[in-house]
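Here's the structure we're looking at; comments come further down.
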Amino acid sequence: MRLATWNVNSIRARVARTVDFAVREHIDVLAMQEIKCTPEQFPYAEFEAAGYEVVAHGLNQWNGVAIASRVPIEDVEHAFPGMPGFAKGVEGPEQPQEARALGATVGGIRLWSLYVPNGRSLGDPHYYYKLDWLSALAEHTSASLAENPDLALALVGDFNIAPTDADNGDPAVVPGFSTHVSPPEREAFAALEAAGLQDVVRPLVPTGYTYWDYKRLRFPRNEGMRIDFILGSHAFADAVAGASIHRDERKGEAPSDHVPVVVDLDLAGPDDDDRPMIF
DNA sequence: ATGTCCCCGGTTCGGGGA
């Protein structure tokens, strides 16, 4: 099975590109972030014509997450337990949850398509929201794996954190002044690993960015960031047979500012490979 | 160069977000 994650930066603006990629790369399950639409607005027809079922979670023009799959999508959740909410100028527990997490079981994997809050700037209420959100995510991960240590759990998406200095090539993102690289954010990312997850792509693709700002020629200069990840439990990681970061998807007409991250999985069970066999 | 791109409201532009 082939699993991908991609912050598409508006699915309506990029549906042809997104489906073309999924078909061309034989993606079985595609987790998307920043669909920027409601389920009513989602362009289902293009995905269905290519053989994908879609579950979408979006509340308005902001955020939004979805999963497209060629295998059945089951047990959908629109937030993980304990997920904090946020609203500008609103304090306390009455803050509404945003459309940043979509959980589903696909092909025996418990999958979360995640769009971690950006943080905006150090000290901004959104920055503390980001840290709280990640802390709750680590709590949920710990609880899930405590209940079933052999769960094939995958947290995928845009984490909005560059875990190491090598993951930041954007000269505007300055340690000490910028989000994405601050010690608390990196500690929050490490806490996900401590909860029982590992970055299954980095051992196979040690270098490379997944995002380049639209501004200031960041892509031609290759001044990007590695902020999109596939984190898996040991049962998931054991099935990983390959990985790739599709840098070319940042090229051409009207690209997203992020590119797809892909893993190939060797899963137990019946042959789920839809590619033609060649002898 | 606050340098781009996307959404919305309700319209040819400003605001918000990343």
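What you see below is based on every heavy atom in this structure, not just the backbone, and it leaves out hydrogens, waters and symmetry mates. By convention in this document, chain letters (A, B, ...) are assigned in the order of the sequence lines, proteins followed by strands, and residues within each chain are numbered from 1.
Within the nucleic acid shown, A:R14 comes within 4.0 Å of sugar-phosphate atoms alone, with no base atom in reach, counting heavy atoms only. Note on A:F219: nothing from the nucleic acid sits closer than 4.0 angstrom, heavy atoms only. Among the protein residues, A:E98 comes within range of no part of the nucleic acid, since none of its heavy atoms lies under 4.0 Å from any strand. Using a 4.0 Å heavy-atom distance criterion, A:R221 is classed as making no nucleic acid contact.
B:dT12 and B:dA1 have their C1' atoms separated by 24 Å, with the value rounded to a whole Å. Spacing of P atoms, B:dC13 relative to B:dT2, comes out at 23 Å, to the nearest Å. Here the separation of B:dG16 from B:dG10, taken at their P atoms, is 15 Å to the nearest Å.
With B:dC6, B:dC8, B:dG16 as the choices, the nucleotide that has an atom nearest any side-chain atom of A:N9 turns out to be B:dC6.
Contact between the side-chain N/O atoms of A:Q61 and the OP1/OP2 oxygens of B:dG15 is not found at any separation under 4.0 Å. Close to B:dG17, at under 4.0 Å from its OP1 or OP2, lies a side-chain N or O of A:K88. Regarding contacts with the backbone of B:dA18, a side-chain N or O of A:R100 is found under 4.0 angstrom from either OP1 or OP2. The side chain of A:R120 contributes an N or O atom lying less than 4.0 Å from OP1 or OP2 of B:dA18.
A centroid separation of 6.0 Å or more is found between the aromatic rings of A:H246 and A:W6. Within the 6.0 Å centre-distance limit, the rings of A:F80 and A:W133 are counted as a close aromatic pair.
Distance CG (A:N60) to C1' (B:dG15): 15 Å, rounded to an integer number of Å. The nearest whole Å value for the distance from the CD atom in A:E34 to the C1' atom in B:dT4 is 14 Å. Taking atom CD1 of A:I35 as the reference point, atom P of B:dG17 lies 19 Å away to the nearest angstrom. To the nearest angstrom, C1' of B:dA18 lies 8 Å from NE2 of A:H180. Rounded to whole Å, the distance from CG on A:D257 to P on B:dT4 is 14 Å. Taking atom NE2 on A:H258 and atom P on B:dT4, their separation rounds to 18 Å, with Å as the unit. Spacing between atom CZ of A:R17 and atom P of B:dC5 amounts to 13 Å, rounded to whole angstrom units. In this structure, A:R218 places its CZ atom 15 Å from C1' of B:dC5, rounding to the nearest Å.
The pair A:R186-A:D167 does not meet the salt-bridge criterion, since no charged nitrogen lies less than 4.0 angstrom from a carboxylate oxygen.
Among all heavy-atom pairs drawn from A:V23 and A:A50, the shortest one is CG2-CB, 3.7 Å. Of all non-hydrogen atoms in A:V181 and A:M225, the two that sit nearest each other are CG1-CE, 4.5 Å.
Taking for each of A:S10 and A:D158 the nucleotide of DNA chain B with the nearest heavy atom, the 5'-most of the two is the partner of A:S10. Toward the 5′ end of DNA chain B lies the nearest nucleotide of A:R12, the other residue of the pair A:R12 and A:N118 mapping further downstream.
Of the N and O atoms on the side chains of A:T5 and A:Q33, at least one donor lies less than 3.5 Å from an acceptor on the other residue.
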